[in-house]
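Okay, so here's the structure we're looking at.
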Amino acid sequence: MWKNPSEYLATNTVKYFARHKGEVNSCAVSPDCQLVITSSDDSRIHMWEANSGLLKHKVTGHRGPVKSCCFSPDGSLFASSSHDCTVRIWTVDTAECLHTLTDHCKSVETVCFSPDSKSILSAGWDRLAILWDVQTGEKLKSFNGHQDVIQCSTFSTDGLYIASGSWDKTICVWNPRNGFLIFLLNGHGDWLRTLSFSRDGILLASTGHDKMIRLWDCEHGKCIKVLKGMLEMAHTCTFSPNGTLLLAGAMGIYSSH
């Protein structure tokens, strides 16, 4: 159940996780909310205890800035992507690297797990999105449709769609089972920054450097609403669990009335 925001603010329990020696590019919270992972330009991933703020693991292995990190929905694994052109899959319990995935030829900007935790999607500067089998590390499919760097990617919560957003100002919506392109979505005036599906998988929200947030109907491939008013580019957006709210975050300080 959603609480009033004042209930969270009243706790006054802000924690700072400060051990990296470079810019922090990504962070994620485990499904049980007990762990936090952060990835950085220092080529490392740090795993923290969420409640205490203690550093649990200092994860090394990448040979370049780590651009993205995420937990598997079942909470047993986490994945990372790097400027070193690799994707790595790690165990949560021991931070052991299970697989190093090497089919990308340029920096890998984004990685995400499927809802069933059985596959991951990675994409980046080589303009390819690649679907991998988590258990074996085998490449399952390649999705080739963008004309520039792929900056963001995500699965729908029902697993029926994969979406990727690019510097070419487009969004590709794919069928993960057969690899077919379902829709090519145009409308943003600058490159894509982030994507988020609603819980029912019908709506897709996108943000770009054009300072616009667009809502797309994935069943028909149409933009149904353009949200204006951002003074800066939105770096992230996400739907509330009940699908009635969309939260976007950007640089700067804003007030709403």
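In this structure, Gln34 places its CD atom where more than 12 heavy-atom neighbours from other residues, nucleotides or ligands lie under 6.0 Å away. In the displayed structure, His83 atom NE2 is contacted under 6.0 Å by at most 12 heavy atoms of other residues, nucleotides or ligands. Heavy atoms of other residues, nucleotides or ligands lying less than 6.0 angstrom from CZ of Arg63 number 12 at most. The environment of NZ in Lys141 is crowded: more than 12 heavy-atom neighbours from other residues, nucleotides or ligands sit within 6.0 Å.
Atom CZ of Phe155 is separated from atom OH of Tyr161 by 14.5 Å, given to the nearest 0.5 angstrom. Considering OG1 of Thr157 and CG of Asp200, their distance stands at 7.0 Å, rounded to 0.5 Å. Between the NZ atom in Lys21 and the CG atom in Asp42 there is a gap of 8.0 Å [rounded to 0.5 Å]. To the nearest 0.5 Å, atom NZ of residue Lys67 and atom OG of residue Ser122 are 15.0 Å apart. Rounded to the nearest 0.5 Å, atoms CG (Leu140) and OG (Ser119) are 6.5 Å apart. The distance from atom NZ of Lys222 to atom CG of Leu185, rounded to the nearest 0.5 Å, is 12.5 Å.
The shortest distance between side-chain heavy atoms of Leu101 and Ile89 falls below 4.5 Å. Annotation: side chain of Leu192 is in contact with side chain of Cys152 (closest heavy-atom distance under 4.5 Å). In this structure, the side chains of His104 and Ile130 come closer than 4.5 Å at one or more pairs of heavy atoms. Between Glu23 and Ser40, every side-chain heavy-atom pair lies at or beyond the 4.5 Å cut-off. Considering only heavy atoms from C-beta on, Ser72 stays 4.5 Å or farther from Phe78 through its side chain. Residues Leu131 and Phe143 are in side-chain contact: their nearest non-hydrogen atoms beyond the backbone lie under 4.5 Å apart. Between Thr170 and His146 the shortest side-chain heavy-atom distance falls below 4.5 Å. Val134 is listed as a side-chain neighbour of Phe113, based on a closest heavy-atom distance under 4.5 Å.
Judged by distance alone, with hydrogens and angles left aside, the side-chain atoms of Arg214 form a donor-acceptor pair with the main-chain N or O of Gly187 at under 3.5 Å. Without hydrogens or angle criteria, His99 side chain to Gln135 main chain gives a donor-acceptor distance under 3.5 Å. Judged by distance alone, with hydrogens and angles left aside, the side-chain atoms of Ser153 form no donor-acceptor pair with the main-chain N or O of Ala163 at under 3.5 Å. Of the possible donor and acceptor atoms, one in the side chain of Ser43 sits under 3.5 Å from a partner among the backbone N and O of Gly64. Here the side chain of Thr154 pairs no donor or acceptor atom with the backbone of Leu195 at under 3.5 angstrom. Side-chain atoms of Arg193 never come within 3.5 Å of backbone atoms of Thr207 as a donor-acceptor pair (strictly under, hydrogens ignored). Between the side chain of Asn25 and the backbone N or O of Val66, at least one donor-acceptor pair lies under 3.5 Å.
A search for salt bridge (Lys or Arg N to Asp or Glu O under 4.0 Å) contacts involving Asp190 returns nothing, not counting sequence neighbours.
Asp93 and Thr91 form no side-chain donor-acceptor contact under 3.5 Å, judged by distance and modelled atom types alone. Residues Trp191 and Gln151 have side chains that never bring a donor and an acceptor to within less than 3.5 angstrom of each other. Side-chain contact annotation: His20 with Thr38, donor-acceptor N/O pair under 3.5 Å present. A side-chain N or O of Ser76 and one of Asp74 form a donor-acceptor pair less than 3.5 Å apart. Side-chain contact of Thr100 with Thr86: a donor-acceptor pair under 3.5 Å is absent, judged by distance alone.
Looking at every heavy atom in both residues, Trp174 comes nearest to Ser164 through NE1-OG, 3.1 Å. Residues Ser82 and Pro65 share a closest heavy-atom pair of OG-O, 2.9 Å. Between Leu35 and Met47, the shortest heavy-atom distance links the atoms CD1-SD, 3.9 Å. Nearest heavy atom pair, residue Trp90 against residue Ala79, reads CD1-CA, 4.3 Å. When all heavy atoms are compared, the tightest approach of Trp125 to Lys106 is CB-CB, 3.5 Å. Of all non-hydrogen atoms in Gly208 and His188, the two that sit nearest each other are N-CE1, 3.8 Å.
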His62/Arg88 under side-chain contact (heavy atoms from CB on, under 4.5 Å): CA gap, chis, key distance, verdict:
CA-CA 8 Å; His62 282 296; Arg88 289 176 178 256; 3.6 Å; yes
With side chain to side chain donor-acceptor pair (under 3.5 Å) as the test, would you mind laying out the steps for Ser30 and Asp32 before giving the verdict?
CA-CA 5 Å; Ser30 63; Asp32 62 5; 2.6 Å; yes
For the pair Phe183 and Cys172, evaluate side-chain contact (heavy atoms from CB on, under 4.5 Å) and give the outcome as yes or no after the intermediate values.
CA-CA 6 Å; Phe183 296 116; Cys172 288; over 6 Å; no
Given the rule in the side-chain contact (heavy atoms from CB on, under 4.5 Å) test, do Ser26 and Ser39 qualify, once you have shown the distances and angles that lead to the verdict?
CA-CA 5 Å; Ser26 180; Ser39 65; 3.3 Å; yes
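Hydrophobic clustering (ILVMFWY, side-chain heavy atoms < 4.5 Å, transitive): Val59 and Leu55 are in distinct clusters. Grouping the Ile, Leu, Val, Met, Phe, Trp and Tyr side chains by contacts below 4.5 angstrom, directly or via other members, places Ile45 with Val92. Following chains of ILVMFWY side-chain contacts shorter than 4.5 Å, one cannot reach Ile213 starting from Leu204, and the two form parts of different hydrophobic clusters. Residues Leu160 and Val173 fall within the same hydrophobic cluster, defined by Ile, Leu, Val, Met, Phe, Trp and Tyr side chains chained together at heavy-atom separations under 4.5 Å. Linking ILVMFWY residues whenever their side-chain heavy atoms come closer than 4.5 Å, directly or via other members, leaves Ile171 and Leu181 in distinct clusters.
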